[in-house]
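First up is the structure itself, then whatever we jot down about it.
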Amino acid sequence: MTFKNTIRIILTILTLALMSEAFAQSDTKRGITIDDLAAITDIKKVALSPDGNYVAFQTMQAHKYTNDFTVEWVIAATTPGAKPVKVADGTEAVLADNGQFWGEEIIWSPDSQWIYFIKKQDDALQIWRSSYHLPEQQQLTRNAGDIQSLKISEDGSKILFTIGRTRAEFKNLTKEAAEQGYLQEPSLYSVEGPQIPACTDGRERLVEYWRNPGDYACQLTVWAFDLEAGIERPATDDEIADFYSQEDSWNASVSQGQRLDEVKKMIAASPDGTGEAWIENENPEIYKGYLPQMIVSAARDGKNIRCPAKACRGQYIKDLWWHPNGSEIVFKIQDGKHETLNSFYGWTPGESNVRTILSNDDRFYDCDLKGVKLFCAQETWTNPRKVVSIDLNDGKISTIADVNPEFQNLEFTNIEKIFADDGYGNLAHAHLVYPKGYKKGQKYPLIITQYRSYGFLRGATGDEQPIHVYAQNGFAVLNFGMPELPSDKKPYNMETQAEMWRYAMIKGGLANAIENLVDGLVKRGIIDPKRVGISGLSTGASNTDTALLRKNYTAASTAYSNITSLWYGSPISAGGKTMDAMHGGDRLSAKGSESRRKHSIDTNAKRIDTPYLIQVADREIESTRSNFNALQAAGKPVEMYIYPDERHVKWQPAHKYIVYSRNVDWFNFWLQGIEDPDPAKAEQYLRWRELREMHEANLLKLEEREK
């Protein structure tokens, strides 16, 4: 047992003992804390067995003290109340390029006896297997490359999988780049460090504005593992065809770039094999974009039928199955006002109406059907992901496995879904999380978080803003869900991306939507307009900068501040050219230069009077530093922390915990005048008091000038 594991076990025992004592002393629920958020067990992947008797899922739990993870694979019987069985575990989570953990594929053997999965151990991704009846993890492959994806052959005798570069090739490329220096964009390397591109299968891809042509030089190869012989080898042509024939057409279209206006998705055969159902573009001549208007269709007796009901149309139809009765098609769609609901409907081909099975604000993932029950992962506004079943007859939800049962003992405040227009005819929504102890007529400080709002309201996009913890600290929280621009008639390319950026950063569409939402809360007497903070990551960070260029807020906190920097983006990269298109010209042109200066933080630092906290990944410091330096030079209250070995989304548990905590401290300090008495934070508050004196002096000068 390693020292880290020993420490983790001791801390877990102490934590559980303290929690048990607390619950023994009181039967009342307690408010959620940062520690609760940091200790969540996340469900990453869910897979239903072919016989429908078991559901397998992957979990991941972060550990802030040891800054590592516990990864587990679990199998539960699909009978409600059955005890889940851990069948495999590990400590190495698989990190995506952007810093997120998507989870690794799980597939079942045709006889429902084994699960096969990708596991990372000793920095290598290989195929492992385990069983509900024999919970011993067994490593199958020992390939020189990392496994990217896996399928099981049609006859169940082989595991088919893909690899890209070998680990040795990757190591050599990194070493060579480090020795020779990193060539600036466009290249395989950038100032962020070695950017070894992922391998693809070479098929047509969507035009991705942030990529360069050389990024797709590496080819994936398909391999086979013979389960009986225990041998891995390059796949034959027939096995390669078998592998790609099993690809989910929706995911294949998105990831491999097939035009979504030309492919059918989620094709499902009826139980008796005489019919077929699918989702297709309603009108390929009109909807040519990457997110077209889709429609549910079916074929019976050689006749194609389209569902005439309004519920059968939309851009967010996610899944489709045949009911076991063979006459009804079941499908899942995001619909309702601003597509904020998840709904399951049943449609019988030939009928004009649909049957509503379930429609609510919850989010459902990885759904699969067996008999009259759908098995999914479910999130609610106040509960992390758990495994549930949905009865097709009455829509009843039953819990199969809850990996965070302690959340039943936590207290949450009221939540309201609200809507507003962005001023350009696009609808935005948000969740208003009320402060603890809310009293009608009392005005509360508000924290704005961004930029998606659905499922468990955890930490907003990027998971840095602890929404429910803010509410427990007396804040109202507005978790903003930005409007989706109509893009179903336009292909996804640099021009489309420039248009979206222009809407957000030049026209201020997102900032305007937020202002309209806040104005509504002011009119309702819920919030104090003089105590409003704003935060964000990614698009949310860019929108925060845009918002600060429009008006001052009481405080702001973002993960970086760069896209509104004068020198953001290499001028010859694809991203830089997109930025040129957004501004109407490059930096050296009169129009491009004027637009950049008008819409950049660093060229407008003197007029920004918002205390600004930036907690940035080391990989995203380059242009963030420009804005930070400009604000400091202008004598503005700004503080920046740089986190080493981080990505766009921070992945290290220790960093995540500190970011949560510092954000709570920051907004408490500026919006409520509250300081944490922890002696370890004394130096922090010394700095912040100095920033406050600077800020108050700046505001006094501003008032004098306005007189």
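Just so you know, these numbers use all the heavy atoms, side chains as well, and skip hydrogens, waters and symmetry mates.
Taking the six-membered ring where the residue is Trp, Phe412 and Phe407 present parallel rings, their angle staying beneath 30° rather than reaching 60°. Relative orientation of the Phe419 and His338 rings is perpendicular, given thresholds of 30° and 60° on the angle between their planes.
Side chains of Asp242 and Ser153: no donor on one and acceptor on the other come within 3.5 Å. Under 3.5 Å, the side chains of Ser297 and Glu280 contain a donor-acceptor pair of N or O atoms.
Shown are Trp108, Trp73, Phe57; of these, the ring-ring contact (aromatic ring centres under 6.0 Å, His included) with Phe117 is made only by Trp73.
Minimum heavy-atom separation, Val403 to Thr41: CG2-O, 3.6 Å.
Taking a cutoff of 4.0 Å between a charged side-chain nitrogen and a carboxylate oxygen, Asp366 and Lys45 do not qualify as a salt bridge.
Geometrically, Arg129 does not engage Tyr116 in a cation-pi contact, judged by NZ or CZ lying under 6.0 Å from the ring centre and within 45° of the ring axis.
Taking the six-membered ring for Trp and the full ring otherwise, the centers of Phe161 and Phe243 sit at least 6.0 Å from each other.
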**Request:** Let me see the working for Asn426 and Glu484 under side-chain hydrogen bond (donor to acceptor under 3.5 Å, both in side chains), right down to the final yes or no.
**Result:** CA-CA 8 Å; Asn426 304 302; Glu484 296 283 0; over 6 Å; no
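Between the side chain of Thr461 and the main chain of Tyr451, a donor-acceptor pair closer than 3.5 Å is present. With Glu328 contributing its side chain and His323 its backbone, the two residues share no donor-acceptor pair below 3.5 Å.
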